[in-house]
Amino acid sequence: MQEAIQQLINALSLGSTYALLALGLAMVFSILGLINFAHGELVTIAGYTMYLASEHGVPFVGQIPLAIAASALAAILMERLAFRPLRKASFVTLIFTSFALSVIIQNLFVALISPRQKGVGFPSFFDDAYHFGPYTISALQLLTTVSCAAALTLLTAFLRHTNQGLGMLAASQDFQVTRLMGISANRVIALAFALSGALAALAAIFISARRGTVDPFMGFNPVIKAFIASVIGGLGSLGGAVTGGFVLAAIEVTLDATLPNGAAPFRDAFSLLIVIAILYWRPEGILRRSSEGTL
Amino acid sequence: MNVARTVRRTLRGTLWLTVPLAAIAILADAFAAPADRRVVVNFLIALVLVLAMQSFSGNSGILSFGHVAFMGIGAYTAALVSMAPLDKELSVPNLPPWLHDLQLPFLPTVLLAAAVSAFVALAVGGALVRMRENAMVMATFGILVIFFVIFQSWNRVTGGVAGLYGVPSRVTIWWALGFAVFAVIVTRLYRELPVGLKLRASREDALAAAALGADVRRLRLVAWVLSASLMGIGGAVWAQYNLAFGPQQFSFDQTFSLLAMLVVGGLANVSGAVLGAFVVTLATEVVRRIEDNTHIEGLTAIAIALTILIVLRVRPSGLIAAQELDDAYLRSRTRRFLLDGAAAALAPVRRRRAAPPRATTPFSSRLVEIPGATIEIWEAGSGPLTSVYQHAYMDPVGPFPGGGFGEALVGPGRTIVVVPRGAGRSSDSPNPRLLTMSQLADDMEAVRRRLGVEQWVVAGWSTGGMAALIYGLRYPEATQALVLSGTAPSYRFFEDPDCLYNPLNPVAWREEEARNALDGSHAASKRWIRTVLSLSLHDKSVLDDLVEHSDIVPERLMAVRDEVLADPPWNVEAELGSIRCPTLLLCGRHDTQCPLRWSELIHERVAGSELVVFEDSNHFPFEEEPERFRHTVAAFLEDIAAPSRETTHA
């Protein structure tokens, strides 16, 4: 029981990261039907922005808005340059374009900065651990969970109570009708990309903090997790993405705890098997996309 | 399908690919430096892999990220049974004794690799094909990761992260060529024979294909196992050429690399896969030389990715999007030139015939105000009889807005062409419900009242004929007669095997692709028109002229399609019996939009109706056999007018 609760605590912070990543991916997918594999590169861009900022002496608190702005801007540029001309293209073409884009960005970092990883510094209190009775939670975990919760609350408020946000919510349900209502397609799409960039940046902060480094290929794993989490929760549903993130984290943490030593290296394989099984029984994802609302 | 003939034709067609490949191999063997030779051999091996992926993803329409897992299975299997026992001890010392001692010659290793891959594919495929398409794509992705983890972690058998090394070198350029040719032939045959053809039908519309008898799950499973076996063969050959490998070779990079070749070349056909592999390999080699010389790391990857982006921007469906190379050639002017000389090449595709003069009577346009809208009408002619003509989604082009059909109506009396909402100068509407045929019928009635016409002859073709039917059923007192060409009384014509909109029809994808590309631009509309017209004309000599004088309103096209295929779909078959007015049905024998049997159905149900079949026409008898069309319509209308002439005389 105690073991289980500790696992739950671990799963919370991991799930928060996954939820942020999945939400960013789902934001774009729900409107455009595009799975943006270059989303991982938004994480990388945020990470490198923090690295470069710290090289120039910017304190940690200053790096955060810079990273968010950089990712949001990069996302908007991505949309404008790579995806807008292909708006009517097929699913395969779009996925491929996002793959190609991600390869380009990764290798730009390789060519312009370095193929090797670079260390990033974080405030030392990130490593502190707090103890509540028999349970432990690190400052980083706490911060991750709290930031995620805050971000989700802000995002929900934005989506439900501002005109722009409502426009986006509507677009994620039925884009054509939303346009018929007079809402500008380009603006909604740009907003979706910008938000996905911001969410990626937020996740990047905690990912880099956990690793202690940034490297050109750091975005790869996050986008895979984001993709898996979105699919579990139901592609296209924003609430589903968040749920999927936590479910994926729960699966991973549980497997970590329960797999015998010999099977431990196969954890990812088991985790994906479980995901495939979920998809087999619920092909639309756990939270089926209902027409009533996605949040 | 005549299977023997298809096989012969397909095999002849593969020569287009296999001969150049053989030429490349011969040239490389004779002249190439060893490093370049390696490139050619790797290219030929990659062909096997890319073709395997094409045979699944291209034919089923389901993008698979997981095939590289089978490449790995084939590679590891082949390596483990081809390496000398002493060599195995270096990388995998703890193999079970029977595996440790086993060493097979080349072909048996490849066969075994294929068998193991097929076995695994069958095991996972059963569950996989039961999933819905999107879930299946995700599952293939899961398979890639799962096997990658297995390769990486099952140290005892796979050597873990370090992998296997010391595989004997058994693959020469000739073996590679042989397997590449084999792959081309197998995938091409699979694609053209019924088993692949039905799968391609399910790619267009799975539900429709299933409704017409295709067992979609079984077809996908067959494709899955076949492509996995071929992938295993490719992996086995790859392993015995590259001699050392680890789990990293069977992960995302390899997947992206192969998929890039496939998507750039064209997912839907074998020629595309080969061309894509060739182009990407060539580009990679060129850029790699530059990267080595300038020491800019990452340049190759960037260049290749940029190339892919540019190709996808310009040709979103790949370099060879449509037919296989040999199919395209068979229909091309080049072939006709080679066989029959210049005169034949320059002649139109069908009978040589001067394009008949199109309409010659100019109409004049004015606006009519009806409640809630403004409707533009075109008028010409005069006489005791009034006829009204419309089409549900075409944008009438003045001064001959009715084309050949309008011309046929003008002679006998006054003809009014009604321009529907969203077209011409009639009111626009963002609401798709106002762009339907039903609304058009109501608008026509409002126009009639506004103009003070007592009764009129209602005419139209295709969806215009359907709108005319709707009008005739709603306002029978106002309908003096019906003149309908190439039309149908319900949505069922969509399911007719002869109809070009039926997803099982091999040409249906062309119309769908052109329709999906409609973006409101003039060019896209013209492209759709040209695509549809080229499939709907028996006499192609009128094609260019007709395309030039036709225009559509894409929103209306979509609204009308949605109206016909609504839930419940449009169907007035049961009401046809209530039509009492004189009805003239005209239809081309070869109509590929509303096939003849649907006009025959209307003829059966409408008492006293007349059906005239045009033996040399498709969907446009008023353009393809204009003299006979005009004559028939004129005779019919004179019969209608005659009674009223008698009453006025009396």
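Protein chains get the first letters and strands the later ones, always in sequence-line order, with residue 1 at the start of each.
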| request: Hey, can you tell me if A/Phe99 and B/Phe65 have their rings parallel, tilted or perpendicular (30° and 60° cut-offs)? | output: perpendicular

| Between A/Ile276 and B/Met131, is a side chain to side chain contact (heavy atoms under 4.5 Å, CB included) present by the stated rule, with each step listed? | CA-CA 10 Å; A/Ile276 293 181; B/Met131 297 173 141; 3.8 Å; yes

| message | Please classify the contact of A/Pro85 with chain B as side chain, backbone, both or neither, using a heavy-atom distance under 4.5 Å. | response | both

| message | Tell me if the CZ atom of A/Arg211 is crowded by more than 12 foreign heavy atoms within 6.0 Å. | response | yes

| task | Find the distance between CZ (B/Phe252) and CZ (A/Phe37) and round it off to the nearest 0.5 Å. | result | 7.5 Å

| request: Report the distance from atom CE of B/Met136 to atom OH of A/Tyr280, rounding to the nearest 0.5 Å. | output: 11.0 Å

| said: I want to check something: taking the side chain as every heavy atom from C-beta on, are A/Thr97 and B/Leu309 in contact at a cut-off of under 4.5 Å? | reply: yes

| What do you reckon, is CZ of A/Arg84 surrounded by more than 12 foreign heavy atoms closer than 6.0 Å? | yes

| task | Heavy-atom distances under 4.5 Å only: say whether A/Ile228 touches chain B with side chain, backbone, both or neither. | result | both

| field | Max heavy-atom pair count under 4.5 Å with chain A, selected residue of B/Asn516, B/Asp253, B/Ile150 | value | B/Ile150

| task | Going by the side-chain contact (heavy atoms from CB on, under 4.5 Å) test, name the single residue among B/Leu259, B/Leu262, B/Val311 that passes it with A/Phe96. | result | B/Leu259

| How many angstroms lie between atom CD1 of B/Ile308 and atom CG of A/Leu101, to the nearest 0.5 angstrom? | 11.5 Å

| task | Applying side chain to side chain contact (heavy atoms under 4.5 Å, CB included), run through A/Ile224 and B/Phe141 and close with a yes or a no. | result | CA-CA 10 Å; A/Ile224 302 298; B/Phe141 186 85; 3.4 Å; yes

| How far apart are the closest heavy atoms of A/Ala269 and B/Ile146, and which atoms are they? | O-CG1, 3.6 Å

| query | Got a sec: does the CZ of B/Arg561 have more than 12 other heavy atoms crowding it under 6.0 Å? | reply | yes

| For B/Leu267, is it the side chain, the backbone, both, or neither that has a heavy atom closer than 4.5 Å to a heavy atom of chain A? | side chain

| Contact part of A/Leu108 toward chain B, heavy-atom cut-off under 4.5 Å: side chain, backbone, both or neither? | both

| side chain to side chain contact (heavy atoms under 4.5 Å, CB included) between B/Ile302 and A/Val103: does it pass, once the steps are laid out? | CA-CA 7 Å; B/Ile302 294 181; A/Val103 168; over 6 Å; no

| Side chain, backbone, both or neither of B/Ala260 within contact of chain A (heavy atoms, under 4.5 Å) | both

| Segment of A/Ile104 engaging chain B (4.5 angstrom heavy-atom cut-off) | both

| field | Interface residue of largest heavy-atom contact number with chain B, from A/Phe220, A/Phe270, A/Phe266, A/Phe109, under 4.5 Å | value | A/Phe266

| request: Would you mind checking which part of B/Ile310 comes under 4.5 Å of any heavy atom in chain A, side chain (CB onward), backbone (N, CA, C, O), both or neither? | output: neither

| said: Nearest 0.5 Å, please: how far is CG in B/Leu63 from CD1 in A/Ile95? | reply: 6.0 Å

